[in-house]
Amino acid sequence: MSAKTFTREEVGKNTTEDSLWFVIDSKVYDVTDFIDAHPGGESVLKQVAGQDATEAFYNLHRQEVLQKYSSLCIGTIKGEKSKVIEHKAGDLSLVPYGEPTWLTPQFKSPYYKESHRRLQKAMRIFVDEEVYPVAQECETSGQTIPQELIDKMSKKGILHMRLGPGKHLHGVNLMDGAVKGEEFDYFHDMIVGQEMVRANARGFQDGNMAGMTISLTAVLQFANDEAWKNKIAAEVFSGKKKICLAITEAFAGSDVAGLRTTAEKTPDGKHYIVNGTKKWITNGVFCDYFVTGVKTDKGLSVILIERQEGVETSAIKTSYSPTAGTAYVTFDNVKVPVENLLGVENKGIYVILANFNHERWMMAGGVIRMSRLVTEECMKWSNQRLVFGKKLIEQPTIRQKLAKMIAHCESNQAWLENITYQMTLMPYSKQAQHLAGPIGLLKMFATRSAHEIADEAVQIFGGRALTRTGMGATIEMFHRTYKFDAILGGAEEILGDLGVRQAMRNMPKSML
């Protein structure tokens, strides 16, 4: 920005097509050469020529627009200072309830250590600088995640961290030393997930290696050969190979036992011949490996299938961006070595169920964080939008809507942190025994909350919430895509039933 200063009288003299200036937040903009390019037409600019356009601008535009066209700023008003806070990479939100309480200076939390705060800061900067711009571009274009970003995430240890705590993190450089792999716990895991969500692009959120987070775990836990496991893990963690989970079929979603894809052994017993189809496979369009649920002679099994002759993938159009790489997968007489079996043959249900808790917990954390971002957008919009001569926030009905949204966000984050704390104290076997139900109920309620928050947000933003660009873009995207979290990883009804059934197993013989 130029260091030149002007008086308001000087600005007021520039009101023609040959020289058109105006003021926004004490900064002077010369839009003379921008008149014809202005998306809203030239008349809008002429209406504020020579005037202070701050109120009019923020009633129509986001702060990012000024940052995008910062080159049009030619100086500032003499003796005045800017009042609007500009977001910089890594900044915490100053909007009330814009951050969870542990990131709000006046509040304390018993859950977080210094390493958690270092990791959060490092992840916030990385997402703001590296992930957000790519996410926004891919969400719009539909292009899948570029290899360059995958390589950067691999180098920072982000791909490793997204699988949660474990030996795979030991000795790995995580965000330039923000946290040691040996001390990485489920709160670190939660921080990585919630910060990544802030890229604010639901299709890209899944396109950003989400398939890896729910499939590579099966290889790490159930591979029957150590050297082979390490080979696959090294390829995926380096970003050179992509992996996804292929369980769901057109015939079987939550009903895993209804899978129809078959794997029959060859007469010599050295290979499986796989035939069948899979549907709605996240990242399937661009993956090299498919952790696949199949029917074997006496039950379900899980095998790792490498992309090869007989494996075909085609994109499925869904409500969110094609950047997610959602695929329909066909296996036509695919020959797979028996060494690619994960776990025990005919007992693949244990492999499939093993990652459900972490997947559902991770998804709950994501939709809870996105719900907060939507609520923050509504807080900001209500405070700057003028209707009937006063701000939206001055309307009691708007404050009631915001109160409801805030209450959902805060209660869900508190429940998430409580469950996360229990996870840090329990081995995985105990988590399955005691936390499968609570995690299911959390995800169910978090997506019910998302439903309420999306609905209220649309009412607050009005027509802008129905438009994919501009002030309401975040609201439109959330309202269109929040149902992915309500379906993927287990539908609300299935998870609610799971939570109650698990509770009833511990019900005492107690009568009224």
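Worth saying up front: this structure is predicted, and the values here are computed from it rather than measured. Counting from 1, the numbers follow the sequence of the chain as shown.
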Fill in: Residues, nucleotides or ligands: over 12 heavy atoms within 6.0 Å of Y97 OH
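Not buried by this count: 12 neighbours or fewer within 6.0 Å.
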
Discussion item. With a 6.0 Å cut-off (strictly less than), is the heavy-atom count around CD of Q308, excluding the residue itself, greater than 12?
Written reply: yes

Any donor-acceptor pair under 3.5 Å linking the side-chain atoms of [Y] with those of [X]?
X	Y	value
E492	T447	yes
N412	S449	yes
K242	Q147	yes

Discussion item. As a test of understanding, state which of H451, Q400, K404, H408 forms a side chain to side chain donor-acceptor pair (under 3.5 Å) with E456.
Written reply: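 When side chain to side chain donor-acceptor pair (under 3.5 Å) is applied between E456 and each of H451, Q400, K404, H408, only K404 qualifies.
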
Discussion item. Among residues at least two apart in sequence or on other chains, which ones pass ring-ring contact (aromatic ring centres under 6.0 Å, His included) with H168?
Written reply: F237

Discussion item. The criterion is ring-ring contact (aromatic ring centres under 6.0 Å, His included); which residues satisfy it with Y272, sequence neighbours excluded?
Written reply: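 Checked Y272 against ring-ring contact (aromatic ring centres under 6.0 Å, His included); zero matches.
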
Discussion item. Which heavy atom of E376 sits nearest to which heavy atom of G98, and what is that distance?
Written reply: OE1-O, 3.9 Å

Worksheet entry | Heavy-atom pair with the smallest gap, counting every atom of N357 and Q431 | ND2-O, 3.6 Å

Item to complete: Check whether any side-chain N or O of N346 sits under 3.5 Å from a backbone N or O of S301 as a donor-acceptor pair, and report yes or no.
Response: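 No, N346 side chain to S301 backbone: no donor-acceptor pair under 3.5 Å.
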
Item to complete: Output yes when a side-chain donor or acceptor of S321 lies under 3.5 Å from a complementary backbone atom of E139, and no otherwise.
Response: yes

Worksheet item: Are the side chains of E249 and K278 in touch, meaning some heavy atoms are under 4.5 Å apart?
Response: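 The answer is yes; the side chains approach within 4.5 Å.
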
Fill in: Heavy-atom check, side chain of Y112 versus side chain of L103, under 4.5 Å
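Y112 does not reach L103 side chain to side chain.
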
Donor-acceptor pairs under 3.5 Å, side chain of residues 334-343 to any protein atom, not counting sequence neighbours: which ones?
residue: N340; atom: ND2; partner: L304; partner atom: O; Å: 2.8

Worksheet entry | Cation-pi, F356 ring and R360 (6.0 angstrom, 45 degrees) | yes

